[in-house]
Amino acid sequence: MTHDKTAWIEAEIASLKEQGLFTHIRTLSSPQGAWLVVDGRRVLNFSSNNYLGMANHPRVVEAAKQAMDRYGVGPAAVRTIAGTMDLHLELEERLARFKGAEAAVTFQSGFTANLATLGALVGRGDVIFSDRLNHASIIDGCRLSRAEVVAYEHNDPDDLRRKIAETTEYRRRLIVTDGVFSMDGDIAPLPEIAAIASEHGILLMVDDAHGEGVLGRGGRGIVDHFGLHGQVDVEVGTLSKAFGVVGGVVAGPKVIIDWLRQRGRPFLFSSAMTVPDVAANLAVMDLLEESTELVDRLWRNADYFKQGMRALGFDTGATQTPIVPVMLGEAPLAQQFSRRLFEEGVFAMAIGYPTVPQGKARLRVMNSATHSPEDLDLALDRFARVGRELGVIS
Ligand code: PMP
(Lines give C-alpha, C1' and ligand atoms only; values in the text may rest on other atoms or scores of the structure.)
Protein backbone atom coordinates (compact mmCIF):
# COMPACT_ATOMS: atom_id res chain seq x y z
CA MET A 1 0.00 0.00 0.00
CA THR A 2 1.39 3.44 -0.84
CA HIS A 3 0.89 6.37 1.50
CA ASP A 4 1.10 9.60 -0.45
CA LYS A 5 1.31 11.89 2.53
CA THR A 6 1.62 15.12 0.58
CA ALA A 7 -0.92 14.59 -2.22
CA TRP A 8 -3.34 16.90 -0.41
CA ILE A 9 -0.82 19.73 -0.55
CA GLU A 10 -0.40 19.31 -4.32
CA ALA A 11 -4.18 19.44 -4.69
CA GLU A 12 -4.38 22.59 -2.55
CA ILE A 13 -1.64 24.29 -4.58
CA ALA A 14 -3.34 23.36 -7.85
CA SER A 15 -6.58 24.82 -6.50
CA LEU A 16 -4.85 28.07 -5.49
CA LYS A 17 -3.39 28.37 -8.99
CA GLU A 18 -6.81 27.78 -10.56
CA GLN A 19 -8.35 30.56 -8.45
CA GLY A 20 -5.52 33.01 -9.17
CA LEU A 21 -4.55 32.94 -5.49
CA PHE A 22 -1.12 31.30 -5.76
CA THR A 23 1.57 33.75 -4.71
CA HIS A 24 4.53 34.04 -7.05
CA ILE A 25 7.50 35.42 -5.13
CA ARG A 26 9.70 37.62 -7.26
CA THR A 27 13.49 37.58 -6.93
CA LEU A 28 15.36 40.82 -6.28
CA SER A 29 18.98 41.28 -7.21
CA SER A 30 19.37 44.89 -6.13
CA PRO A 31 19.00 46.82 -2.87
CA GLN A 32 15.54 48.11 -1.91
CA GLY A 33 14.90 51.55 -3.40
CA ALA A 34 12.73 53.46 -5.86
CA TRP A 35 14.05 51.24 -8.64
CA LEU A 36 14.78 47.54 -8.33
CA VAL A 37 16.15 44.75 -10.41
CA VAL A 38 13.40 42.13 -10.16
CA ASP A 39 13.55 38.82 -12.01
CA GLY A 40 16.37 40.38 -14.06
CA ARG A 41 14.42 43.54 -15.05
CA ARG A 42 14.82 47.13 -13.87
CA VAL A 43 11.41 48.21 -12.53
CA LEU A 44 9.88 51.04 -10.54
CA ASN A 45 9.12 49.81 -7.02
CA PHE A 46 5.72 50.26 -5.36
CA SER A 47 5.74 47.02 -3.39
CA SER A 48 7.96 47.44 -0.36
CA ASN A 49 7.36 49.05 3.03
CA ASN A 50 10.61 50.99 2.77
CA TYR A 51 8.63 54.22 3.28
CA LEU A 52 11.63 56.47 3.91
CA GLY A 53 14.36 54.78 1.89
CA MET A 54 16.21 53.69 5.05
CA ALA A 55 16.77 50.10 3.86
CA ASN A 56 19.71 51.21 1.73
CA HIS A 57 20.58 54.57 3.28
CA PRO A 58 24.39 55.00 3.27
CA ARG A 59 24.50 56.13 6.92
CA VAL A 60 22.38 53.19 8.02
CA VAL A 61 24.55 50.71 6.15
CA GLU A 62 27.75 52.28 7.50
CA ALA A 63 26.46 52.12 11.09
CA ALA A 64 25.75 48.40 10.70
CA LYS A 65 29.27 47.78 9.38
CA GLN A 66 30.93 49.70 12.21
CA ALA A 67 28.92 47.91 14.87
CA MET A 68 29.89 44.53 13.45
CA ASP A 69 33.56 45.50 13.70
CA ARG A 70 33.04 46.19 17.39
CA TYR A 71 30.45 43.59 18.47
CA GLY A 72 30.43 40.86 15.82
CA VAL A 73 27.17 39.69 14.35
CA GLY A 74 24.89 37.60 16.54
CA PRO A 75 23.57 37.94 20.11
CA ALA A 76 24.48 34.24 20.70
CA ALA A 77 21.45 33.29 22.84
CA VAL A 78 18.32 34.76 24.33
CA ARG A 79 18.90 37.93 26.36
CA THR A 80 17.80 36.49 29.69
CA ILE A 81 20.48 33.79 29.41
CA ALA A 82 23.44 35.24 27.50
CA GLY A 83 22.98 38.78 28.77
CA THR A 84 21.92 41.74 26.74
CA MET A 85 24.22 43.96 24.71
CA ASP A 86 24.38 47.62 25.68
CA LEU A 87 23.52 48.36 22.05
CA HIS A 88 20.04 46.82 22.45
CA LEU A 89 19.43 48.84 25.63
CA GLU A 90 20.55 52.04 23.90
CA LEU A 91 18.07 51.43 21.07
CA GLU A 92 15.27 50.80 23.57
CA GLU A 93 16.02 54.00 25.47
CA ARG A 94 16.15 56.00 22.25
CA LEU A 95 12.87 54.50 21.01
CA ALA A 96 11.09 55.26 24.30
CA ARG A 97 12.28 58.87 24.21
CA PHE A 98 11.35 59.27 20.53
CA LYS A 99 7.86 58.01 21.15
CA GLY A 100 7.34 59.92 24.38
CA ALA A 101 6.82 56.69 26.35
CA GLU A 102 8.21 55.71 29.75
CA ALA A 103 10.02 52.64 28.42
CA ALA A 104 10.39 50.37 25.41
CA VAL A 105 11.53 46.82 24.67
CA THR A 106 12.52 45.38 21.31
CA PHE A 107 11.75 42.04 19.71
CA GLN A 108 12.89 40.15 16.62
CA SER A 109 9.95 41.45 14.59
CA GLY A 110 6.61 43.19 14.82
CA PHE A 111 5.00 39.77 14.59
CA THR A 112 6.77 38.46 17.68
CA ALA A 113 6.17 41.76 19.50
CA ASN A 114 2.43 41.17 19.12
CA LEU A 115 2.67 37.52 20.18
CA ALA A 116 4.76 38.47 23.22
CA THR A 117 2.52 41.29 24.36
CA LEU A 118 -0.85 39.61 24.02
CA GLY A 119 0.38 36.41 25.67
CA ALA A 120 1.87 38.33 28.58
CA LEU A 121 -1.07 40.65 29.25
CA VAL A 122 -4.06 38.33 28.95
CA GLY A 123 -4.78 34.64 29.40
CA ARG A 124 -7.48 32.14 30.20
CA GLY A 125 -10.55 33.80 31.69
CA ASP A 126 -9.72 37.17 30.11
CA VAL A 127 -11.33 38.82 27.11
CA ILE A 128 -9.81 40.63 24.13
CA PHE A 129 -11.86 43.04 22.03
CA SER A 130 -10.22 42.94 18.60
CA ASP A 131 -10.98 44.92 15.42
CA ARG A 132 -12.29 42.52 12.79
CA LEU A 133 -9.56 43.53 10.29
CA ASN A 134 -6.59 43.30 12.65
CA HIS A 135 -3.30 41.93 11.31
CA ALA A 136 -2.61 38.18 11.31
CA SER A 137 0.02 38.57 14.05
CA ILE A 138 -2.62 40.02 16.37
CA ILE A 139 -5.05 37.27 15.48
CA ASP A 140 -2.40 34.64 16.23
CA GLY A 141 -1.37 36.42 19.44
CA CYS A 142 -5.01 36.45 20.56
CA ARG A 143 -5.31 32.72 19.89
CA LEU A 144 -2.08 31.87 21.67
CA SER A 145 -3.07 33.92 24.73
CA ARG A 146 -6.09 31.62 25.30
CA ALA A 147 -8.23 34.60 26.21
CA GLU A 148 -11.73 34.81 24.75
CA VAL A 149 -11.67 36.91 21.58
CA VAL A 150 -14.61 39.20 20.77
CA ALA A 151 -14.28 40.78 17.32
CA TYR A 152 -15.87 44.21 16.84
CA GLU A 153 -16.73 45.74 13.47
CA HIS A 154 -13.88 47.49 11.72
CA ASN A 155 -13.13 50.98 13.08
CA ASP A 156 -16.54 51.05 14.76
CA PRO A 157 -16.42 52.47 18.33
CA ASP A 158 -20.21 52.05 18.68
CA ASP A 159 -19.92 48.34 18.01
CA LEU A 160 -16.98 48.17 20.43
CA ARG A 161 -19.18 49.76 23.13
CA ARG A 162 -21.94 47.24 22.36
CA LYS A 163 -19.56 44.29 22.54
CA ILE A 164 -18.12 45.54 25.85
CA ALA A 165 -21.63 45.87 27.30
CA GLU A 166 -22.60 42.37 26.13
CA THR A 167 -19.49 40.69 27.51
CA THR A 168 -19.94 40.38 31.24
CA GLU A 169 -17.87 37.30 32.10
CA TYR A 170 -14.21 38.15 32.39
CA ARG A 171 -11.23 38.44 34.68
CA ARG A 172 -9.28 41.15 32.80
CA ARG A 173 -9.99 42.94 29.52
CA LEU A 174 -7.89 44.32 26.66
CA ILE A 175 -8.77 46.20 23.46
CA VAL A 176 -6.44 45.75 20.49
CA THR A 177 -6.42 47.50 17.13
CA ASP A 178 -4.09 48.08 14.22
CA GLY A 179 -3.14 51.76 14.05
CA VAL A 180 -2.95 51.90 10.26
CA PHE A 181 -4.70 48.97 8.56
CA SER A 182 -2.10 47.45 6.30
CA MET A 183 -4.28 46.44 3.36
CA ASP A 184 -6.59 49.50 3.27
CA GLY A 185 -4.40 52.31 4.60
CA ASP A 186 -7.13 53.66 6.90
CA ILE A 187 -6.39 54.85 10.45
CA ALA A 188 -8.07 53.54 13.62
CA PRO A 189 -10.24 56.12 15.46
CA LEU A 190 -7.87 55.94 18.41
CA PRO A 191 -9.17 58.97 20.40
CA GLU A 192 -12.66 57.40 20.59
CA ILE A 193 -11.25 53.97 21.38
CA ALA A 194 -8.97 55.43 24.07
CA ALA A 195 -11.94 57.22 25.66
CA ILE A 196 -13.89 53.94 25.76
CA ALA A 197 -10.90 52.07 27.22
CA SER A 198 -10.44 54.71 29.89
CA GLU A 199 -14.16 54.87 30.75
CA HIS A 200 -14.28 51.09 31.32
CA GLY A 201 -10.78 50.63 32.76
CA ILE A 202 -9.71 48.35 29.90
CA LEU A 203 -6.09 47.96 28.75
CA LEU A 204 -5.56 49.45 25.28
CA MET A 205 -3.01 48.13 22.78
CA VAL A 206 -2.35 49.54 19.31
CA ASP A 207 -0.21 47.92 16.62
CA ASP A 208 1.34 50.84 14.79
CA ALA A 209 3.45 48.84 12.31
CA HIS A 210 2.53 51.13 9.40
CA GLY A 211 2.44 54.31 11.50
CA GLU A 212 5.96 53.98 12.90
CA GLY A 213 8.12 56.49 11.00
CA VAL A 214 5.05 57.61 9.04
CA LEU A 215 2.43 59.16 11.35
CA GLY A 216 2.97 61.81 14.02
CA ARG A 217 5.62 64.50 14.28
CA GLY A 218 8.65 63.32 12.33
CA GLY A 219 7.26 59.77 12.27
CA ARG A 220 6.72 59.34 16.03
CA GLY A 221 3.71 57.13 15.42
CA ILE A 222 -0.04 57.06 15.94
CA VAL A 223 -0.08 58.01 19.63
CA ASP A 224 1.83 61.18 18.76
CA HIS A 225 -0.36 61.74 15.68
CA PHE A 226 -3.44 61.98 17.91
CA GLY A 227 -1.65 63.52 20.91
CA LEU A 228 -2.67 60.57 23.09
CA HIS A 229 0.50 60.24 25.15
CA GLY A 230 -0.23 58.41 28.38
CA GLN A 231 -3.65 57.25 27.19
CA VAL A 232 -2.59 54.15 25.25
CA ASP A 233 -1.15 51.39 27.43
CA VAL A 234 0.77 49.51 24.76
CA GLU A 235 2.12 50.81 21.46
CA VAL A 236 3.59 48.06 19.28
CA GLY A 237 5.69 49.01 16.29
CA THR A 238 7.90 47.44 13.71
CA LEU A 239 11.41 48.38 12.63
CA SER A 240 11.00 46.51 9.34
CA LYS A 241 8.94 49.08 7.44
CA ALA A 242 9.72 52.82 7.67
CA PHE A 243 12.85 51.95 9.68
CA GLY A 244 13.92 49.78 6.74
CA VAL A 245 15.67 47.18 8.92
CA VAL A 246 13.97 44.44 10.94
CA GLY A 247 12.69 44.17 14.50
CA GLY A 248 9.70 44.95 16.67
CA VAL A 249 9.21 47.40 19.53
CA VAL A 250 6.73 47.79 22.36
CA ALA A 251 6.54 51.18 24.07
CA GLY A 252 4.48 52.04 27.13
CA PRO A 253 4.51 52.39 30.91
CA LYS A 254 7.61 50.94 32.59
CA VAL A 255 5.62 48.36 34.52
CA ILE A 256 4.29 46.80 31.30
CA ILE A 257 7.70 46.85 29.61
CA ASP A 258 9.31 45.25 32.69
CA TRP A 259 6.61 42.56 32.61
CA LEU A 260 7.29 41.82 28.92
CA ARG A 261 10.95 41.19 29.81
CA GLN A 262 9.73 38.61 32.36
CA ARG A 263 6.83 37.03 30.50
CA GLY A 264 7.02 37.84 26.77
CA ARG A 265 7.68 34.40 25.34
CA PRO A 266 9.53 35.49 22.16
CA PHE A 267 11.77 37.60 24.45
CA LEU A 268 12.47 34.66 26.76
CA PHE A 269 12.77 31.88 24.21
CA SER A 270 14.13 33.42 20.99
CA SER A 271 17.36 35.34 20.40
CA ALA A 272 17.25 39.09 19.92
CA MET A 273 17.85 41.19 16.81
CA THR A 274 21.37 40.86 15.45
CA VAL A 275 24.07 43.51 15.97
CA PRO A 276 23.81 45.07 12.49
CA ASP A 277 20.01 45.26 12.87
CA VAL A 278 20.28 47.19 16.13
CA ALA A 279 23.03 49.51 14.91
CA ALA A 280 21.14 50.21 11.69
CA ASN A 281 18.00 51.04 13.69
CA LEU A 282 20.02 53.43 15.86
CA ALA A 283 21.22 55.21 12.72
CA VAL A 284 17.60 55.48 11.56
CA MET A 285 16.74 57.10 14.91
CA ASP A 286 19.50 59.67 14.30
CA LEU A 287 18.13 60.44 10.83
CA LEU A 288 14.54 60.76 12.06
CA GLU A 289 15.55 63.06 14.92
CA GLU A 290 17.72 65.26 12.69
CA SER A 291 15.08 66.14 10.11
CA THR A 292 11.47 65.56 9.09
CA GLU A 293 12.37 65.91 5.42
CA LEU A 294 11.95 62.24 4.48
CA VAL A 295 8.63 61.89 6.30
CA ASP A 296 7.37 65.10 4.67
CA ARG A 297 8.44 63.89 1.24
CA LEU A 298 6.69 60.55 1.78
CA TRP A 299 3.38 62.31 2.46
CA ARG A 300 3.83 64.72 -0.48
CA ASN A 301 4.48 61.77 -2.81
CA ALA A 302 1.53 59.82 -1.47
CA ASP A 303 -0.85 62.78 -1.86
CA TYR A 304 0.30 63.39 -5.42
CA PHE A 305 -0.08 59.73 -6.37
CA LYS A 306 -3.53 59.36 -4.77
CA GLN A 307 -4.84 62.50 -6.46
CA GLY A 308 -3.50 61.28 -9.80
CA MET A 309 -5.09 57.84 -9.43
CA ARG A 310 -8.46 59.28 -8.42
CA ALA A 311 -8.38 61.72 -11.34
CA LEU A 312 -7.84 58.73 -13.64
CA GLY A 313 -10.97 57.11 -12.20
CA PHE A 314 -9.42 54.40 -9.99
CA ASP A 315 -11.09 53.37 -6.73
CA THR A 316 -8.50 53.87 -3.99
CA GLY A 317 -10.74 52.72 -1.15
CA ALA A 318 -10.60 54.31 2.29
CA THR A 319 -6.90 55.15 2.49
CA GLN A 320 -5.68 58.00 4.70
CA THR A 321 -1.99 57.12 4.49
CA PRO A 322 0.77 56.31 1.94
CA ILE A 323 -0.72 52.80 1.53
CA VAL A 324 -2.93 52.99 -1.57
CA PRO A 325 -5.22 50.07 -2.39
CA VAL A 326 -6.36 50.00 -6.00
CA MET A 327 -9.62 48.10 -5.68
CA LEU A 328 -10.20 45.57 -8.48
CA GLY A 329 -12.59 42.95 -7.07
CA GLU A 330 -11.67 39.49 -8.28
CA ALA A 331 -8.24 37.98 -7.70
CA PRO A 332 -7.52 36.95 -11.32
CA LEU A 333 -8.05 40.55 -12.49
CA ALA A 334 -5.73 41.84 -9.76
CA GLN A 335 -3.08 39.30 -10.74
CA GLN A 336 -3.43 40.14 -14.42
CA PHE A 337 -3.18 43.87 -13.65
CA SER A 338 -0.03 43.33 -11.59
CA ARG A 339 1.52 41.16 -14.32
CA ARG A 340 0.79 43.72 -17.06
CA LEU A 341 2.11 46.57 -14.94
CA PHE A 342 5.29 44.61 -14.39
CA GLU A 343 5.68 44.18 -18.14
CA GLU A 344 5.31 47.97 -18.34
CA GLY A 345 8.10 48.37 -15.75
CA VAL A 346 6.10 48.97 -12.55
CA PHE A 347 6.18 46.55 -9.62
CA ALA A 348 2.98 46.61 -7.52
CA MET A 349 1.73 43.41 -5.91
CA ALA A 350 -1.73 41.93 -6.23
CA ILE A 351 -3.31 41.02 -2.90
CA GLY A 352 -6.11 38.47 -2.67
CA TYR A 353 -7.80 36.11 -0.25
CA PRO A 354 -6.99 35.25 2.55
CA THR A 355 -5.01 38.47 3.10
CA VAL A 356 -8.14 40.45 2.13
CA PRO A 357 -11.77 39.19 1.96
CA GLN A 358 -13.01 37.27 -1.11
CA GLY A 359 -14.10 39.65 -3.89
CA LYS A 360 -11.93 42.49 -2.50
CA ALA A 361 -8.74 41.75 -4.40
CA ARG A 362 -6.60 44.75 -5.14
CA LEU A 363 -3.22 46.08 -6.03
CA ARG A 364 -1.49 47.49 -2.99
CA VAL A 365 0.62 50.47 -3.94
CA MET A 366 3.22 51.49 -1.37
CA ASN A 367 4.44 55.05 -1.70
CA SER A 368 7.91 56.03 -0.60
CA ALA A 369 10.04 59.10 -0.05
CA THR A 370 12.50 57.58 -2.51
CA HIS A 371 10.29 58.26 -5.56
CA SER A 372 11.08 61.33 -7.67
CA PRO A 373 8.30 63.40 -9.30
CA GLU A 374 9.26 61.74 -12.63
CA ASP A 375 8.88 58.28 -11.06
CA LEU A 376 5.36 59.13 -9.88
CA ASP A 377 4.33 60.49 -13.28
CA LEU A 378 5.70 57.40 -14.98
CA ALA A 379 3.74 55.16 -12.60
CA LEU A 380 0.49 57.10 -13.17
CA ASP A 381 1.00 56.83 -16.93
CA ARG A 382 1.49 53.05 -16.72
CA PHE A 383 -1.48 52.60 -14.40
CA ALA A 384 -3.63 54.55 -16.87
CA ARG A 385 -2.42 52.42 -19.79
CA VAL A 386 -3.05 49.07 -18.10
CA GLY A 387 -6.29 50.27 -16.47
CA ARG A 388 -7.75 51.21 -19.86
CA GLU A 389 -6.51 48.03 -21.51
CA LEU A 390 -8.21 45.86 -18.86
CA GLY A 391 -11.39 47.95 -18.77
CA VAL A 392 -10.91 49.09 -15.15
CA ILE A 393 -11.08 52.78 -16.12
CA SER A 394 -12.47 54.37 -19.26
N1 PMP B 1 1.48 44.31 12.28
C2 PMP B 1 1.06 44.81 11.11
C3 PMP B 1 -0.16 45.65 11.09
C4 PMP B 1 1.79 44.54 9.94
O5 PMP B 1 1.38 45.04 8.76
C6 PMP B 1 2.94 43.73 10.01
C7 PMP B 1 3.78 43.42 8.77
N8 PMP B 1 3.11 42.88 7.72
C9 PMP B 1 3.32 43.24 11.23
C10 PMP B 1 2.58 43.55 12.36
C11 PMP B 1 4.53 42.37 11.38
O12 PMP B 1 5.68 43.12 11.33
P13 PMP B 1 7.08 42.44 11.05
O14 PMP B 1 7.24 42.33 9.56
O15 PMP B 1 8.07 43.36 11.69
O16 PMP B 1 7.04 41.11 11.70
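Numbering starts at 1 and runs along the sequence shown. When reading the values below, keep in mind they use all heavy atoms of this one structure, side chains included, and skip hydrogens, waters and symmetry mates. Indexing begins at 1, ligand by ligand and atom by atom, following the structure's order.
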**Prompt:** Which one of Thr355, Val249, Asp207 has a non-hydrogen atom at the shortest distance from atom 10 (C) of ligand 1?
**Reply:** Asp207
Identify the protein heavy atom lying closest to [atom], giving its residue, its atom name and the separation to 0.1 Å.
atom	result
atom 9 (C) of ligand 1	His135 CE1, 3.4 Å
atom 7 (C) of ligand 1	Lys241 NZ, 2.6 Å
atom 16 (O) of ligand 1	Phe111 N, 2.9 Å
atom 5 (O) of ligand 1	His210 NE2, 3.0 Å

**Prompt:** Can you name the side-chain contact (heavy atoms from CB on, under 4.5 Å) partners of Ala104, sequence neighbours left out?
**Reply:** Leu95, Ala96, Val249, Ala251
**Asked** Which of the atoms of ligand 1 are close to Ser137, meaning less than 4.0 Å from one of its heavy atoms?
**Response** 1 (N), 10 (C)
**Item:** NZ or CZ of Arg173 within 45° of Tyr170 ring axis and under 6.0 Å
**Value:** yes
**Prompt:** Cation over ring, Lys17 on Phe22, under 6.0 Å and within 45°?
**Reply:** yes
Is there a polar contact between ligand 1 and [X], counting only N or O atoms under 3.5 Å apart?
X	value
Gly110	yes
Val180	no
Asp178	no

**Message:** Taking the basic N atoms (NZ, or NE/NH1/NH2) and the acidic carboxylate oxygens, is any pair closer than 4.0 Å for Glu92 and Arg79?
**Reply:** yes
**Message:** For Glu212, is there an ion pair with Lys241 - N to carboxylate O distance below 4.0 angstrom?
**Reply:** no
**Message:** Hydrogens and angles aside, do Asp277 and Thr274 bring a side-chain donor and acceptor to less than 3.5 Å of each other?
**Reply:** yes
**Request:** Could I get the full list of salt bridge (charged side-chain N to carboxylate O under 4.0 Å, His left out) partners for Arg26, not counting sequence neighbours?
**Result:** Asp39
